[in-house]
Amino acid sequence: MTHVARRSRFAGFTRLLLAVGSVGAVGSVPMASALPAAAAPAPPSTRFPPAAAAVLAPPPVPDEDRGEPVGDHLTVTVRQAGASVDGTYEVNCHPARGTHPDVGGACAVVDRNTWWGRDVFGPVPADSVCTLQYGGPATAHVTGTWAGRPVDATFDRGNGCEIGRWDRFVPLLPKLSSDF
């Protein structure tokens, strides 16, 4: 290969690198002014047809169209607490939304109970000394994700410790009286 042929191949390769580099460096100052006019890349408006430019940057997907909820998501199922509060509720926090009757309050109470290094939905410790009081037959099951961790917690009102645990999560869980 002659010296002239190598030089022309190198010049073509240089133009290709400059064109590709200027596509990847959006917002950067092109160095085309240092090159001869024949080696400078074409202006952005003539480099690609409009249809090809649209393919390079797809539009963002709105949160409501994503498959998984954004932020913290909990599903709360309440049973035997009374016809007005029994049911399954969805709670999405950060931002607050869902089918829960007080979604803002539900998110706030879980936020208040969240402490670094402690399972916010953890059960009453096994060695706890609890009063022998009965808070009724109500139960709740909370599943989902909170602070990036999976949640699968059950609540009942079978003794003083469990009643206290339930009451710490009102209004995520319904407010109930212990008069049974």
Gap separating the NE2 atom of His141 from the CG atom of Asp152, nearest 0.5 angstrom: 3.5 Å
Test item: Trp146 and Val120 side chains (from C-beta on) under 4.5 Å apart, heavy atoms: yes
ILVMFWY cluster, Val151 and Val103 together (side-chain gap under 4.5 Å): yes
ILVMFWY cluster, Val76 and Val85 together (side-chain gap under 4.5 Å): no
Residue pair Thr99 / Thr88: nearest heavy atoms and the distance that separates them: OG1-O, 4.4 Å
Heavy-atom closest pair, residues Ala138 and Leu176: CB-CD1, 3.5 Å
Between NE2 on residue His94 and CG on residue Asp72, distance to nearest 0.5 Å: 5.5 Å
Heavy-atom pair of closest approach, residues Cys161 and Ser128: SG-CB, 4.1 Å
Polar side-chain atom of Trp166 near backbone of Pro174 as donor-acceptor pair, under 3.5 Å: yes
Salt-bridge criterion met for Arg157 and Asp167 (N-O under 4.0 Å): yes
Between CZ on residue Arg165 and CG on residue Asn113, distance to nearest 0.5 Å: 10.5 Å
Side chain to side chain contact (heavy atoms under 4.5 Å, CB included) evaluation trace for His73 with Val91: CA-CA 6 Å; His73 173 77; Val91 178; over 6 Å; no
Same cluster (ILVMFWY, side-chain, under 4.5 Å), Val124 and Val142: no
Approximate separation, where rounding is to 0.5 Å, of Asp102 CG and Leu172 CG: 10.0 Å
Test item: Thr145 and Pro150 side chains (from C-beta on) under 4.5 Å apart, heavy atoms: no
Thr75 and Glu90: side chain donor to acceptor below 3.5 Å: yes
Reported OH-to-CD distance for the pair Tyr134 and Glu162, which is rounded to 0.5 angstrom: 12.5 Å
Parallel, tilted or perpendicular: ring planes of Phe121 versus Phe169, cut at 30 and 60 degrees: parallel
Spatial distance of atom SG (Cys107) from atom CZ (Arg112) [nearest 0.5 Å]: 11.0 Å
Backbone N/O of Gln80 and side chain of Asp86: donor-acceptor pair under 3.5 Å: yes
